[in-house]
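A, B, ... follow the sequence lines: proteins, then strands. Residue 1 opens every chain.
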Amino acid sequence: MAIPTGAVVVALALFGLFCAFQGKNPFAVFAAINKAAFGSWYSFQNTLVRAAPLMLTALCTALPARLGLVIIGNEGALVVGGLSATAAGLACATAPVAVVISVMTLAGMVGGGLWITVCGALYYQRGVNETISSLLMNYIAIAVLNHLVNGPMRDPSSLNKPSSFPIPDDKMLPAMGDSNVHYGLVFGLVACVIAWALMEHATFGFKVRMIGGNIRAARMSGLPVARLGLITCFLAGAAAGIAGMIEVAAVHGRANESLAAGYGYAGILVAFVARYRGLPIILVATLLGGILASGGILQRQFKLPDATILVFQGLVFLVILFSDSLYGKFKFFKEREA
Amino acid sequence: MTSESIGWWGVVLGILAGAVRGGTPFLLVSLGECLTEKSGKINLGLEGTLLMGAMSAYAVSYKTGSPWAGVAAAGATGALMGALHALLVSRPKVNDIAAGIAMLIFGTGCAFFLSKPYIQPSAPQLPAVALGGWSQVAQVQAALRISPLFFLGVAVAFALQWFFRATRWGMHVRAVGDSPAAARAMGISVGRTRFLAIMAGSALGGIGGAHLTLFYPGAWTEAISSGQGLMAVALVIFARWNPVQCLWASLLFGGAQAVGPSLQAVGISTGYYLWNASPYILTLLVMVLTCSRKRTLVGAPGALGSPS
């Protein structure tokens, strides 16, 4: 843990310098972020609401990464998952709420799952670079979203922001107890725990890690490399698809361009910092959720544009990457082999 | 609508004009990526570089009043981003792709952050080279107003071709990309060659960004690049790492981008949003058709993407 923690500290210091360069007191900025993210139960709820989709989109990068595939189509899978969930939810909107939510979840999983499976299939069939194909599919997904909410799925009453017809209020994913946190958080937590159990403690995960470790050895020992790869891609996409579903069913209530809010891209960073493991993803997603939640404060109080958060994400990413090359350099930092 | 006077020819003309106008950033970025990949490293972060180039070109052109200073600034910013990427990937255990994603997010973030003051004002634009004086038709004249950076791109394409084939340095770059060990044995510094190739490639990417803000579309918006830097990476594979073929591929992609808007100009707006996806779908198709699991691609640098 020493190196990732150190890297985050260095990234924070660099971000502080960046703020100072912009003429803002970095300590005041940090204090504001902390207050807006974790300062009170009210603000922490806000953080958790943002952490839920991050946990799910992070899995979209984390699961295939264990196979050695770099998939960054999280945003696209989220959008497609949200769209399919909306379509399915509207189709059965008269059913009881539990049925509607289950159908939406399934539809989101299938939509997002198939979307990423395409990238996997292109890789295993044709050797198409999965990073580039999944990233291109993000743009295609957003074009499909725009096409559908401006055309076939459009609610004529949505004038300023073309949207689909809304999911009825009483069929939406409710908040837990008397808090503001919706049940999407449970989906995120459960998915991360399942991913952790599956990848670290089940035969399936062992096979996947074997492929990631040495694909030739895996082939020699008779593992169905492509099939395992496609299943993993499906699970990855399904996780991001659920993120799209909860954004529709718990937050927006309808499909529109707000779906592509950057949770997919932030999820890449979460997966990366958490070293692609299920349980650390929960922690990292909560931290980043807090930082996302503080974006509004930074804008109002410090007049820092919302891209500040993106700069910070990029800095963390760069520093962590750089820190990778330090492994094994110092005895002090020697880590146990995972 | 003036375009109705020439009817369906307007669509064809629109696509052809778009091929040159929209193809220019593709051309410059793909040439940059081509140079980078020839040295054996992949730079997925050119999308971020493109945005940084676009932003700095616009800002400097606005501040100084000279669009050419903007182009120079874009090139310099690109080179700086390239230096950062090169520094990262030269470290042991750092994967090119991960570094690319990091640079993509970082570059995008910085460009969006620093561009806030430049959304409103309009910066001086690059002068167009008008080749349409012979025609009486306004649309033809408009279509033949060509960006000076397009000519720069064409020149660089042929120059790079010559550079790789006939110069000592070009051979060094190819040697480093094909077999770093052999290059090292020849006494070539692998690290320095890659550093310079990545930096020069990123500078080209930055200049590609200058075309976006200083010629077409000619203003700064956050959606200005929308993946063009990434498509350029696929385009290089399609062009088989050949600079002159990058030129033809860029024109094809630029044309694909212009299909939707050209159809809309003659009043066909069905599927307008889907047409927006056409360059991405084209890129995917091109990759599906040109890639193969069985063999290495002809022209691919031997050590591409492998840890040094």
Side-chain angles (χ1 to χ4, degrees), chain A residues 18 22 61 65 70 72 118-119 122-133 135-151 162 265-266 268-269 272 303-329, chain B residues 42 44 47-48 84 87-95 97-117 222 226-227 230-231 233-234 237 260 270-281 283-284 287-297 305:
Chain A
F18 186 85
Q22 296 294 324
T61 299
V70 185
I72 51 177
V118 171
C119 300
L122 289 180
Y123 174 74
Y124 286 109
Q125 284 295 314
R126 299 290 307 174
V128 174
N129 179 303
E130 77 286 356
T131 313
I132 299 175
S133 70
L135 202 39
L136 289 172
M137 301 245 314
N138 285 345
Y139 293 100
I140 299 177
I142 291 170
V144 171
L145 170 74
N146 281 330
H147 173 70
L148 289 179
V149 299
N150 280 289
Y265 292 105
I268 305 171
L269 178 67
F272 189 72
K303 303 273 184 295
L304 285 166
D306 47 1
T308 314
I309 304 292
L310 208 53
V311 174
F312 177 67
Q313 289 181 24
L315 273 176
V316 173
F317 219 133
L318 287 174
V319 174
I320 296 246
L321 259 179
F322 191 79
S323 74
D324 271 357
S325 63
L326 299 179
Y327 278 97
K329 282 249 154 126
Chain B
I42 301 171
L44 262 190
E47 171 81 12
L84 190 55
L87 194 76
L88 262 179
V89 294
S90 68
R91 308 280 310 171
K93 293 182 196 167
V94 175
N95 171 283
I97 301 279
I101 300 170
M103 289 299 292
L104 193 161
I105 295 180
F106 181 68
T108 311
C110 284
F112 288 2
F113 184 95
L114 298 170
S115 68
K116 284 292 159 183
E222 295 196 343
S226 54
L230 292 159
M231 284 188 265
V233 179
I237 302 173
T270 34
Y272 171 73
Y273 292 95
L274 282 182
W275 278 111
N276 282 346
S278 54
Y280 311 104
I281 295 173
T283 314
L284 266 182
M287 299 218 347
V288 170
L289 292 177
T290 53
C291 293
S292 164
R293 271 201 83 62
K294 300 285 185 295
R295 59 200 153 79
T296 6
L297 296 172

Where on [X] is there a heavy atom nearer than 4.5 Å to chain B: the side chain, the backbone, both, or neither?
| X | value |
| --- | --- |
| V128(A) | both |
| N129(A) | both |
| I132(A) | side chain |
| L321(A) | both |
| L145(A) | neither |

Please find the pair of heavy atoms, one from [X] and one from [Y], that lie closest to each other, and give the distance.
| X | Y | value |
| --- | --- | --- |
| I140(A) | Y280(B) | CG1-CB, 3.6 Å |
| L318(A) | A102(B) | CD2-CB, 3.7 Å |
| R126(A) | C291(B) | NH2-O, 2.9 Å |

- Task: Mark yes or no for whether Y139(A), through its side chain, and G227(B), through its backbone, hold a donor-acceptor pair below 3.5 Å.
- Result: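 Between the backbone of G227(B) and the side chain of Y139(A) there is a qualifying donor-acceptor contact (under 3.5 Å).
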- For Y124(A), what residues pass the ring-ring contact (aromatic ring centres under 6.0 Å, His included) criterion, not counting sequence neighbours?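 Y124(A): no ring-ring contact (aromatic ring centres under 6.0 Å, His included) contacts found.
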- Tell me, please, which residues at least two apart from F317(A) pass ring-ring contact (aromatic ring centres under 6.0 Å, His included).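 Result, ring-ring contact (aromatic ring centres under 6.0 Å, His included) vs F317(A): F272(A).
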- Contacting moiety of S115(B), where chain A heavy atoms sit under 4.5 Å: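 Contact with chain A involves no heavy atom of S115(B) at all.
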